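To start, the structure under review is shown below, and the notes come after it.
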2 protein chains.
Amino acid sequence: MTQPIAQALSARLRDMILAGEFRGGQHLREVQLAQMFGASRTPVRLALAANEKDGLLAYSPNRGYVVRPFDPGDIAGAFEMRALIEGLAARKAAERGLSDEALRRIAEAIDTVARVLATDEALDDGAREAWRTHNAVFHRTIIESADNRFIAPTLQTVQRIPSVYPPVLASYDPALLRKYNDHHRGIRDCIVARQGVRAEFLMREHVTVAGEDIRASLHPAPELAGAAE
Amino acid sequence: MTQPIAQALSARLRDMILAGEFRGGQHLREVQLAQMFGASRTPVRLALAANEKDGLLAYSPNRGYVVRPFDPGDIAGAFEMRALIEGLAARKAAERGLSDEALRRIAEAIDTVARVLATDEALDDGAREAWRTHNAVFHRTIIESADNRFIAPTLQTVQRIPSVYPPVLASYDPALLRKYNDHHRGIRDCIVARQGVRAEFLMREHVTVAGEDIRASLHPAPELAGAAE
DNA sequence: TAAGGTGGGATTGCATGCAAACGGACCGAC
DNA sequence: GTCGGTCCGTTTGCATGCAATCCCACCTTA
């Protein structure tokens with residue numbers, strides 16, 4: 001990204017924005033952030049520029065940076081992009097085939113999640129952490145198997161959205177997570193069978209459904225929250 | 001992006017990279033760029049960081065920035081992404097419908113290109129410029145009609161690739177450009193008819209074909225350059 | 001001769017100072 | 001009372017200085 005300290009500040013600032021510690025439209029002052037982080041204005045300025053490039057801040061010349069507001073339409077748009085691009089990754093992975101190592105990691109991720117979800121009770125913190133980790137392994141492995149250098153960075157930018165990002169992610173309803181793990185199995189089977197088109201559309205559907213679930217859990221009135229798309 | 005001077009430097013640096021004025025892997029030194037641009041190191045540093053975020057430079061702590069090499073596989077990957085995302089834009093535009101203004105601009109773009117291509121002779125500079133402009137209007141209008149804030153920035157990053165970017169674009173073969181304009185007509189008709197799926201796949205096909213043509217024109221041996229995908 | 005260590009030049013990383021631009025408050029005029 | 005203008009505090013934008021790191025060549029030693 002940039003340089004050692006600036007890089008760390010950029011990540012810290014990003015996490016604060018994603019965690020919702022600033023309100024939308026808020027003006028971020030360099031000196032204020034600098035003393036908050038115990039650094040000088042120079043690395044802070046780089047961190048601001050980096051987060052602006054990531055779409056989290058808006059810049060005006062001579063006026064500085066404000067945090068960009070996000071609305072439900074943006075969340076829907078982000079999941080549209082995610083579905084499309086992860087679908088591409090699944091298709092490419094199927095066309096190219098998975099390495100033994102990739103296949104092993106995917107199998108392990110699916111199996112571990114299945115074990116964690118064997119109960120119907122609410123998940124404790126450890127179980128939630130395990131789910132997050134292995135869910136991420138599944139997706140990341142497919143993305144890395146897709147042989148397209150543009151996929152990973154693009155996905156990162158559309159996934160880093162305030163109010164919908166991994167640490168805040170899901171309601172952790174075991175029924176939902178089991179459904180997702182079934183999706184994962186289906187996608188894995190299609191990739192192994194080298195059925196690229198099926199893998200693409202199953203992945204697209206998987207991401208779309210997950211997005212609708214998340215948006216439903218965010219809406220105050222959860223009746224048909226996702227169906228309006 | 002960043003601040004006034006730094007912003008200008010960032011664009012100048014980007015254009016130099018895209019124009020191929022540095023070789024892949026070349027180390028860009030801050031002081032050298034600073035005196036080349038007649039500025040100090042501070043805005044140069046910001047310009048370097050911005051271009052790194054755009055994927056044109058690679059950064060290593062305490063070692064600075066090197067220009068990232070691109071190979072034919074990267075070009076193919078970029079067109080894969082472009083086809084997918086512009087397809088999404090076409091589908092969304094069809095689903096939402098075009099404004100009268102957007103429809104007018106698209107019609108004008110298609111008609112103007114048709115007039116420019118009425119001859120079979122090689123295009124002069126003015127004709128090439130006209131084609132570039134109106135081709136861009138067609139694509140941009142659809143992208144702006146898609147109502148997804150992530151589409152435009154993502155497309156920009158996958159289109160800004162050394163050796164394949166608008167000013168260097170096409171061989172300007174009138175037969176090819178007429179083919180593209182026919183594609184545009186078909187896409188326009190689908191969008192107007194609110195046939196989102198057809199619009200999506202026609203756009204995807206259009207971009208894919210254009211990418212194969214470009215890659216064929218770059219390859220030394222142009223036999224089946226695009227068919228290997 | 002080859003391997004390892006060491007010193008110096010060059011380059012990046014960060015802090016700070018100064019100039020320019022912005023924004024808001026106060027004041028005056030109509 | 002409202003509109004327009006001017007002044008001043010605040011903030012950003014850029015230049016520069018200094019410390020830390022790195023790279024490379026040279027030297028030492030086995």
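These values consider heavy atoms only, across backbone and side chains, with no hydrogens, waters or symmetry-generated copies. Note on naming: letters A, B, ... go to the chains in the order of the sequence lines (proteins, then strands), and numbering restarts at 1 for each one. These numbers come from a predicted model, not from an experiment.
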Whole angstrom value for the distance that separates [atom2] of [N] from [atom1] of [X]:
X: Leu28(B); N: dA10(C); atom1: CG; atom2: C1'; answer: 16 Å
X: Arg45(B); N: dG13(D); atom1: CZ; atom2: P; answer: 17 Å
X: His27(A); N: dC22(C); atom1: NE2; atom2: P; answer: 13 Å
X: Leu57(A); N: dT12(D); atom1: CG; atom2: P; answer: 12 Å
X: Gln35(B); N: dT11(C); atom1: CD; atom2: C1'; answer: 13 Å
X: Phe37(B); N: dC14(D); atom1: CZ; atom2: P; answer: 14 Å
X: Leu46(A); N: dT12(D); atom1: CG; atom2: C1'; answer: 14 Å
X: Tyr59(B); N: dT11(C); atom1: OH; atom2: P; answer: 16 Å

message: The criterion is ring-ring contact (aromatic ring centres under 6.0 Å, His included); which residues satisfy it with His134(B), sequence neighbours excluded?
response: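 For His134(B), no residue satisfies ring-ring contact (aromatic ring centres under 6.0 Å, His included) once neighbours in sequence are set aside.
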
task: Please determine if a side-chain N or O atom of Arg29(B) lies less than 4.0 Å away from the OP1 or OP2 oxygen of dT12(C).
output: no

Salt bridge (Lys or Arg N to Asp or Glu O under 4.0 Å) pairs, two or more places apart, involving residues 96-105 of chain B: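 Non-adjacent pairs meeting salt bridge (Lys or Arg N to Asp or Glu O under 4.0 Å): Arg96(B)-Asp147(B), Glu101(B)-Arg104(B), Arg104(B)-Glu108(B), Arg105(B)-Glu144(B).
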
- request: Just call it for Leu9(A): base, sugar-phosphate, or nothing, with non-hydrogen atoms closer than 4.0 Å on any strand.
  value: nothing

query: Across the strands shown, which category fits Leu48(A) at heavy-atom distances under 4.0 angstrom: base, sugar-phosphate, nothing?
result: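 It contacts nothing in the nucleic acid.
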
task: Identify, with sequence neighbours excluded, every residue that meets side chain to side chain donor-acceptor pair (under 3.5 Å) alongside Glu129(B).
output: Arg132(B), Thr133(B)

field: Partners meeting salt bridge (Lys or Arg N to Asp or Glu O under 4.0 Å) with Arg149(A) (sequence neighbours left out)
entry: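 For Arg149(A) the salt bridge (Lys or Arg N to Asp or Glu O under 4.0 Å) partners, ignoring immediate neighbours, are Asp74(B).
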
query: Who pairs with Arg68(B) by salt bridge (Lys or Arg N to Asp or Glu O under 4.0 Å), at least two apart in sequence or on another chain?
result: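 Arg68(B) satisfies salt bridge (Lys or Arg N to Asp or Glu O under 4.0 Å) with no other residue.
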
query: Below 6.0 angstrom between ring centroids: does that apply to Tyr180(B) and His206(B)?
result: yes

- request: Summarise protein proximity over nucleotides 15-24 of chain D in one line of letters, 5' to 3': B for base, S for sugar-phosphate only, - for none, counting protein heavy atoms closer than 4.0 Å.
  value: BBB---SSS-

task: Look at Glu30(A) together with Arg45(A) and state whether they make a salt bridge at an N to O cut-off of under 4.0 Å.
output: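 Counted as a salt bridge, because a side-chain N and a carboxylate O are separated by less than 4.0 Å.
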
